[in-house]
Amino acid sequence: METVAVLIVGAGPSGLAISACLTLHSIPFIILEREDCYASLWKKRTYDRLSLHLAKEFCHLPFAKHPRTAKTYISKDAFLRYIDDYVSHFKINPRYHRSVESAELDKVQGKWRIEAHNTIDEKMEVYFANFLVVASGENSEGYIPDIPGLDGFQGEIVHSSHYKSGLKYQNKDVLVVGCGNSGMEIAYDLSNYHARTSIVVRSPFHVLTKGMVHLGMSLLKWFSVDTVDKVTLLLARFIYGNLSKYGIHQPKLGPFFQKILTGRSPVIDVGTVKKIKSGEIKVLPEISRINGNNVVFDDSKEIKFDAIVFATGYKSTVTRWLKDYKYIMNEDGMPKESFPSHWKGENGLHCAGFSRRGLSGITTDAMAIADDINKVYTSKK
Ligand SMILES: Cc1cc2nc3c(=O)[nH]c(=O)nc-3n(C[C@H](O)[C@H](O)[C@H](O)COP(=O)(O)OP(=O)(O)OC[C@H]3O[C@@H](n4cnc5c(N)ncnc54)[C@H](O)[C@@H]3O)c2cc1C
Ligand SMILES: *[C@@H]1O[C@H](CO)[C@@H](O)[C@H](O)[C@H]1NC(C)=O
């Protein structure tokens with residue numbers, strides 16, 4: 001049994017950012033991480049050709065802006081080197097192979113009681129903490145929708161978090177489900193490796209270039225969301241035309257307004273649209289069921305596939321281990337309160353990295369949480 005001021009669950013960018021902030025306030029903490037490394041999502045659960053979707057000024061952690069010499073869009077490898085430097089600069093030492101399996105408020109002691117499964121020696125470890133920071137991620141587990149007949153599919157089924165590259169799908173018929181950033185980029189990658197690629201498009205979405213998103217995010221500092229949306233849509237119309245005839249429909253809300261209101265990001269095109277226009281990548285309607293090796297679509301067409309890649313998103317798994325989740329989260333493991341007060345719960349409970357605002361949201365959360373903890377911590381000393 002061990003007692004500490006702050007216990008952090010998860011050593012992803014959020015957990016590391018909080019650690020750096022607490023270190024500067026000289027507040028002791030422990031990080032528990034279920035994997036054998038920090039930033040495990042980036043190291044183990046991302047495809048090879050991934051680079052940061054957003055420009056570098058929106059993708060740094062607290063106290064560590066990217067240098068002027070860094071590329072505007074940082075590659076995955078360069079981002080991981082940046083994280084390595086961050087961890088060694090702040091001397092962060094997560095405890096690995098610790099999967100947190102329960103956390104609840106011990107009302108007698110007024111502390112959080114956390115149980116972690118040590119996956120090396122198979123023992124349960126117990127920790128007590130005054131403050132608990134949930135940093136286990138919005139993307140804790142891949143989500144695959146329930147489709148009738150999926151169990152009987154004889155080909156390969158893979159979630160985007162386990163997809164690496166199109167190399168092994170050469171000359172195969174592959175269906176990508178989901179048309180967010182991951183789905184659209186994976187379809188592009190598959191097609192580059194000469195897989196016969198199709199993508200299911202279910203709902204309307206915005207397609208923008210990296211440059212348009214960068215420009216829009218920069219303009220938001222000076223102009224209203226409405227104005228920025230109008231400018232961006234005009235540019236998108238000029239570059240892409242009306243994509244309706246290819247099966248890609250535009251939502252009613254503008255791209256930035258939609259992001260703020262629903263958390264849904266516009267798709268940043270890496271070249272997929274060109275391949276859709278040329279017919280190299282086929283757009284298909286929603287799946288109604290699966291029949292052996294065949295996928296049956298809403299328009300009753302039935303097509304045989306060798307593999308299906310589900311780029312259907314992720315879910316938070318907080319409610320499985322955080323017994324008193326109602327102090328901060330809803331049933332879906334996402335914050336009860338909306339931005340910007342989402343990070344603060346009751347009884348010393350906080351969450352970092354749950355605002356659907358990527359790395360810049362993580363930086364804001366980490367600074368706010370560390371300041372909040374610092375106020376209570378120093379007043380009690
Ligand atoms: C494919 C992809 C691309 C992205 N690209 C960008 C981008 O370009 N720019 C941007 O700003 N954002 C991007 N994001 C958003 C991304 O969510 C963040 O960048 C970041 O990785 C989130 O950090 P996190 O620490 O909150 O969560 P994670 O990185 O998921 O880290 C959470 C950690 O907690 C651990 N954990 C979970 N449950 C437990 C438990 N019970 N016990 C112990 N440990 C646990 C996990 O193993 C993991 O290491 C991208 C996300 C994905 C999936
Ligand atoms: C795009 O074209 C379709 C018809 O093909 C039309 O219904 C739709 O309104 C057009 N969208 C825009 C934004 O002009």
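Throughout, residue positions are numbered sequentially from 1 according to the sequence presented. Small disclaimer: the values here were computed from a predicted structure and weren't measured. Remember, it's 1-based here, ligands and their atoms both numbered in the order they're listed.
- Ligand 1 has an N or O atom lying under 3.5 Å from an N or O atom of Ser40, backbone or side chain.
- The aromatic rings of Tyr314 and His159 sit perpendicular to each other, their planes meeting at more than 60°, with 30° as the lower class boundary.
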Pair up each side-chain donor or acceptor in residues 296-303 with any protein partner under 3.5 Å, not counting sequence neighbours, and list the distances.
from, atom 1, to, atom 2, distance (Å)
Asp299, OD1, Lys301, N, 3.2
Glu302, OE2, Asn291, ND2, 3.0
Glu302, OE2, Asn294, ND2, 3.1

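- In this structure Arg45 satisfies the salt bridge (charged side-chain N to carboxylate O under 4.0 Å, His left out) test with no other residue, sequence neighbours excluded.
- Taking distance alone, with nitrogen or oxygen atoms compared against 3.5 Å, Leu359 approaches ligand 1 more closely than that limit.
- Any N or O atom pair closer than 3.5 Å counts here, and Gln250 shares no such pair with ligand 2.
- Each of the following atoms of ligand 1 lies closer than 4.0 Å to a heavy atom of Tyr314: 53 (C).
- Residue contacts with ligand 1: Thr46 is placed with no nitrogen or oxygen under 3.5 Å of a nitrogen or oxygen of the ligand (distance criterion only).
- Checking only distances, Ala352 never comes within under 3.5 Å of ligand 1, N or O to N or O.
- Of the protein's heavy atoms, none falls inside 4.0 Å of atom 7 (O) of ligand 2.
- Residue Arg237 touches ligand 2 through its side chain alone, judged by heavy-atom distances below 4.0 Å.
- The contact set between ligand 1 and Leu52, taken as ligand atoms under 4.0 Å from a residue heavy atom, comprises 7 (C), 8 (O).
- The proximity of Leu32 to ligand 1, defined as any non-hydrogen pair under 4.0 Å, is limited to the backbone.
- In Ser14, the parts holding a heavy atom less than 4.0 Å from any atom of ligand 1 are both the side chain and the backbone.
- An N or O contact shorter than 3.5 Å links Glu33 to ligand 1 by distance.
- Of the polar atoms of Glu138, none of the N or O atoms is found under 3.5 Å from an N or O of ligand 1, judged by distance alone.
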